[in-house]
Amino acid sequence: MEEEQEGQGGIQESLKRIDDNIWEIPIGTKPGMNVPGRIFLSDKLIHNLEPEALDQVANVAMLPGIQKYSMAMPDAHLGYGFPIGGVAAFDEEEGVISPGGVGFDINCGVRLLRSNLTVDDVRPVMKELTEKLFQSVPAGVGSKSRLRASDSELDDIFLHGSRWAVENGYGVEADLEHCEGGGCIEGGDVSHISSKARKRGKPQAGTLGSGNHFLEVQYIDQIYDREVAEKFGLEEGQVTFMIHCGSRGTGHQICTDHLRTISQASKKYKISLPDKQLACAPAQSDEAQNYFRSMICAANYAWNNRQVITHWTREVISDIFRSDMDELGLDLVYDVAHNVAKLEEHTVDGKKKNVYVHRKGATRAFPPGHKDVPQAYRDVGQPVLIPGSMGTASFVLHGAEASMDISFGSACHGAGRVMSRAHAKKEFHGEDVKSDLEKSGIMVRAAHPSVIAEEAPGVYKSSSDVVNVVHDLGIAGKVARMMPLGVVKG
DNA sequence: ATGTAC
């Protein structure tokens with residue numbers, strides 16, 4: 001029924017359709033697979049699927065102690081070892097932990113602020129608003145913050161995440177209540193973080209970074225689920241602010257440092273790897289735990305980063321509209337990590353057990369009633385935030401019942417690239433893309449024009465196609481759509 | 001993603 005198979009004997013040919021949006025790579029497609037691969041895709045998206053990413057799904061299925069399936073979300077594409085868009089859960093005792101299953105940008109994630117402003121309030125000041133946000137929030141490769149963390153402050157950030165920011169005047173207690181995990185994973189340990197990683201982290205708390213990271217002014221142009229939207233404090237015509245960034249140089253360095261020790265551990269523990277980039281260590285080994293506890297610190301650093309940026313964003317808005325915070329209603333709706341590994345309880349073969357869930361370019365999507373969903377959202381499920389690419393729509397969804405059965409409580413994370421950065425720079429010119437966007441009413445302010453070319457709307461899959469797959473699967477239901485008004489980029 | 005270099 002599909003005509004996408006061009007190659008002969010390629011891995012695509014072994015794909016079996018299980019359901020409308022579920023495709024399976026059966027065990028045995030590649031030797032050594034412990035579980036089947038599963039990829040969630042609609043007919044529309046199957047044509048964009050990279051065979052190399054599919055191959056990575058099969059490779060991950062070979063790792064020891066993997067549970068149920070090696071999975072990929074509809075926005076999947078080629079990554080370091082694991083595909084971006086990959087979800088894999090490993091047994092707490094018999095399984096492994098792998099830095100490639102988290103990615104270099106540990107706790108890259110998204111947060112959404114609501115407001116009492118309407119699109120008509122902000123249209124006339126968009127130029128000033130975008131410019132002031134750009135001035136206030138450092139962006140770009142190697143960007144430095146107004147804030148300089150001391151060694152003890154850095155430790156505090158590593159161990160307590162957003163709480164550091166809130167206790168130091170960069171936010172309010174309610175911000176912590178409306179953040180995945182309260183803006184912190186417990187169990188961090190700074191003793192296996194290199195001085196290099198610390199040095200890179202100190203001047204970057206409160207910086208946006210580069211690439212697909214952004215700070216965006218948006219407005220809600222469509223509500224899909226009025227009841228859930230109301231719970232989240234969202235309505236049509238309302239202005240929202242979205243922050244997409246991660247753990248900057250420190251997370252990258254922590255990943256790099258531990259890849260070395262984990263690679264050695266793979267040999268030491270005689271784990272046969274189909275790909276060196278899948279380096280992993282037995283979950284309870286010192287090597288794996290040292291990585292895991294350092295990764296937690298990077299994740300906490302990222303939450304604090306987004307919290308500090310939130311504070312400066314609020315300052316700019318209150319300055320421009322000369323209103324106090326209560327009037328502006330700049331509440332945090334939620335904040336999600338989409339590059340992280342967590343120890344979570346899941347049901348496998350009818351039994352509850354703890355597993356290390358690796359989400360790399362995948363968002364947690366816990367359903368109604370889950371204990372880790374904030375009380376305010378407990379009866380509708382956690383907010384799932386899906387950033388669009390530059391100039392395109394972003395979405396709010398809510399975690400739905402099927403996520404726990406189908407995907408270890410996970411959903412997609414965004415649009416997913418269809419073109420490399422290098423290719424994009426040849427195809428597009430930053431200045432042209434910027435003026436096209438401005439003609440369609442979207443202000444863009446970037447540290448460098450090349451990032452605008454690399455992130456042009458045409459280099460990503462349609463995020464609405466991606467979101468429709470998780471919606472139709474019942475993993476996460478659509479709540480609202482936001483359109484960009486102004487974008488700050490690195 | 002990233003002081004864009006093993």
- Task: Scan residues 264-278 of chain A for pairs that pass salt bridge (charged side-chain N to carboxylate O under 4.0 Å, His left out), counting only residues two or more places apart or in two chains.
- Result: A:Lys268-A:Glu287
- Item | Residue pairs, two or more places apart or on separate chains, that pass salt bridge (charged side-chain N to carboxylate O under 4.0 Å, His left out) and touch residues 205-219 of chain A | none
- Task: With ring-ring contact (aromatic ring centres under 6.0 Å, His included) as the test, would you mind laying out the steps for A:His192 and A:Tyr291 before giving the verdict?
- Result: CA-CA 8 Å; A:His192 294 93; A:Tyr291 162 70; over 10 Å; no
[X] near the nucleic acid: base, sugar-phosphate alone, or nothing, with a heavy-atom cut-off under 4.0 Å?
X	result
A:Thr256	nothing
A:Gly211	sugar-phosphate
A:Gln204	sugar-phosphate

- Message: Looking at A:Arg306 and A:Asp335, is any side-chain nitrogen of the basic one under 4.0 Å from a carboxylate oxygen of the acidic one?
- Response: yes
Nearest-Å distance, [atom1] ([X]) to [atom2] ([N])?
X	N	atom1	atom2	answer
A:His448	B:dT2	NE2	C1'	16 Å
A:His423	B:dT4	NE2	C1'	19 Å
A:Phe104	B:dA5	CZ	C1'	13 Å
A:Asn305	B:dT2	CG	P	10 Å
A:Lys489	B:dT2	NZ	P	11 Å
A:His252	B:dT4	NE2	P	9 Å
A:Lys196	B:dA5	NZ	P	14 Å
A:Leu208	B:dT2	CG	P	9 Å

- Item | B:dT2 phosphate, OP1 or OP2, under 4.0 Å from A:Arg248 side-chain N/O | yes
